[in-house]
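Below: the structure, in structure tokens.
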Amino acid sequence: MSNEPDQNILTEDLSDLDHSSGDVTAWERFSFSTVRGFLWLHMKIWGMTGLYLSCRFFAFLEFLINCKRRRRIGKMIAQALNRKLTRSERNRLVKEQFMRVRCDKTFYIIFDMLSPEEIRKRFKIVNKQYLDDALARGKGICLLKCHHGSFHIAAQGLCFLGYPVSAVRAPNEGAIRRYIQGMWRRNHPDMPQAKMIFTGEFVRPLYRLLKANHILGAALDVSKIPDSHMKSVIVTVLGKEREFLTGTLSIAIRCKSAVHQVFLVSDRNFYYRLEVGPPLTDPDTCEETPEIVQTVMQKYADGIGQFATAHPDHLSRT
């Protein structure tokens, strides 16, 4: 099978879904472009390794100075792991979280400025055949991500590799995300553009995207249910009960789409691995029932618990 997805799989015009939650201001555009220019110059002089080390150094300074954020992240990691951390362990994990986030933000900002060879070298997909086999079915893929890891990098990497990507996001899309999405559209008009569906909108776009054989990503491990009308189930993560959303999973089951859990691992020196897990359902025979939804969601929760234990510094939000 070809390493690239079939470019003729889109059967419906989805241009009306190419929207964001607002434009960036002139000041934001100037600020972001200035930062991008500085990072690009730094990269040209000292290379990617030099840029990576600089990011870690300035993140360490931020760790020393920003006491409020340091306490907040330490509390979040302890809650995610559902255990008490020693002082040295908390400091080590919080410091690594500061550094990972800073490096991930930097890589995301300069992503579209890197050469294709550089991106292919630094962004890898583990179990890529799962994506290719699922797209070959023609009924879309639902990727269950979580709030561990920088999945905006995963979306950019998948777009670069030619995959049709869409995602469910909160309406308060950050200005930097909207700016980078605009730069990607401008600099790479021949490549797929990620489509954003915001929570609280009608669910019909989700059906349309899956019917058009898109890769639809959604993080169901929310810290708080945004709307009481949204369907959810109680699952157990590392011995703690949590309430997770189920709407996107139910839609995927109804559409007979493949369902996989994914994690993005940030390795040293700007190397990234998108780990695609085995199917969580049999898309051809699975039917939407409360028992099936509960079972799949608990598998999803178990995967999050395992990943959080292995990579506690990858916590983005809990």
Side-chain angles (χ1 to χ4, degrees), residues 17-44 48 51-52 54-63 65-66 68-69 72-73 76 97-114 118-119 122-123 145-160 165-189 191-201 217-219 222-223 264-266 270-272 274 313-318:
L17 300 181
D18 290 325
H19 67 285
S20 67
S21 55
D23 198 5
V24 295
T25 66
W27 171 249
E28 289 170 338
R29 191 178 303 278
F30 172 77
S31 300
F32 298 149
S33 62
T34 301
V35 171
R36 275 165 57 89
F38 172 78
L39 294 176
W40 179 86
L41 182 62
H42 189 301
M43 177 183 64
K44 288 299 181 180
M48 292 294 286
L51 181 61
Y52 176 78
S54 293
C55 288
R56 287 181 65 87
F57 173 73
F58 285 107
F60 177 68
L61 294 181
E62 184 181 7
F63 166 78
I65 296 171
N66 196 336
K68 183 177 180 181
R69 184 185 169 202
R72 177 171 58 85
I73 296 300
M76 290 169 60
Q97 200 271 354
F98 269 68
M99 293 179 173
R100 180 195 63 80
V101 169
R102 178 58 54 201
C103 292
D104 289 354
K105 285 183 177 178
T106 298
F107 186 78
Y108 177 68
I109 290 173
I110 65 172
F111 187 96
D112 66 298
M113 304 171 73
L114 300 176
E118 193 72 43
I119 296 176
R122 297 183 180 277
F123 183 81
K145 53 194 184 70
C146 62
H147 291 98
H148 294 260
S150 301
F151 275 96
H152 45 289
I153 293 176
Q156 292 291 84
L158 288 170
C159 286
F160 170 79
V165 179
S166 54
V168 181
R169 285 196 50 81
N172 56 336
E173 181 83 339
I176 185 63
R177 302 273 182 93
R178 288 182 271 119
Y179 173 79
I180 295 299
Q181 289 164 13
M183 294 302 296
W184 179 263
R185 284 193 296 269
R186 192 185 77 174
N187 296 335
H188 301 282
M191 292 184 179
Q193 309 297 318
K195 304 185 188 316
M196 299 297 164
I197 306 301
F198 299 111
T199 55
E201 295 183 347
V222 294
S223 56
L264 183 74
V265 180
S266 302
F270 299 125
Y271 284 88
Y272 296 90
L274 182 65
D313 61 308
H314 278 53
L315 177 70
S316 298
R317 181 169 64 84
T318 184

For [X], what residues pass the side-chain hydrogen bond (donor to acceptor under 3.5 Å, both in side chains) criterion, not counting sequence neighbours?
X: Tyr108; value: none
X: Thr25; value: Glu28
X: Asp313; value: none
X: Thr106; value: none

Discussion item. Can you confirm whether Leu274 sits close enough to Phe123 that some side-chain heavy atom of one is under 4.5 Å from a side-chain heavy atom of the other?
Written reply: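 Yes - at least one pair of side-chain heavy atoms lies under 4.5 Å apart.
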Worksheet item: Considering residues at least two apart in sequence or located in another chain, which fulfil the side chain to side chain contact (heavy atoms under 4.5 Å, CB included) criterion with Phe57?
Response: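 Side chain to side chain contact (heavy atoms under 4.5 Å, CB included) check on Phe57 returns Leu61.
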Fill in: Geometric class of the His188/Trp184 ring pair [parallel <30°, tilted 30-60°, perpendicular >60°]
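Ring orientation of Trp184 relative to His188: tilted.
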Backbone N or O of [Y] within a donor-acceptor pair of the [X] side chain at under 3.5 Å?
X: Gln97; Y: Leu315; value: yes
X: Arg56; Y: Cys103; value: no
X: His314; Y: Val265; value: no

Item to complete: Could you walk me through whether Ser150 and Arg100 pass side chain to side chain contact (heavy atoms under 4.5 Å, CB included), step by step?
Response: CA-CA 9 Å; Ser150 301; Arg100 180 195 63 80; 3.2 Å; yes
Worksheet item: With sequence neighbours excluded, what pairs up with Tyr52 under the ring pair (Phe, Tyr, Trp, His ring centres under 6.0 Å) test?
Response: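 Partners of Tyr52 by the ring pair (Phe, Tyr, Trp, His ring centres under 6.0 Å) criterion, ordered by chain and then number, come out as Phe270.
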Discussion item. I'd like to know whether Leu114 forms a side chain to side chain contact (heavy atoms under 4.5 Å, CB included) with Met48, so could you lay out the CA-CA distance, the side-chain angles of the two residues, the decisive distance to 0.1 Å, and finally the verdict.
Written reply: CA-CA 10 Å; Leu114 300 176; Met48 292 294 286; 4.1 Å; yes
Worksheet entry | Nearest heavy-atom neighbours spanning Ile180 and Arg36 |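 Taking every non-hydrogen atom into account, CD1-NH1, 3.8 Å.
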Worksheet item: Looking at the rings of Tyr272 and Phe107, which for Trp means the six-membered one, are their centres under 6.0 Å apart?
Response: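 Ring centres of Phe107 and Tyr272 closer than 6.0 Å.
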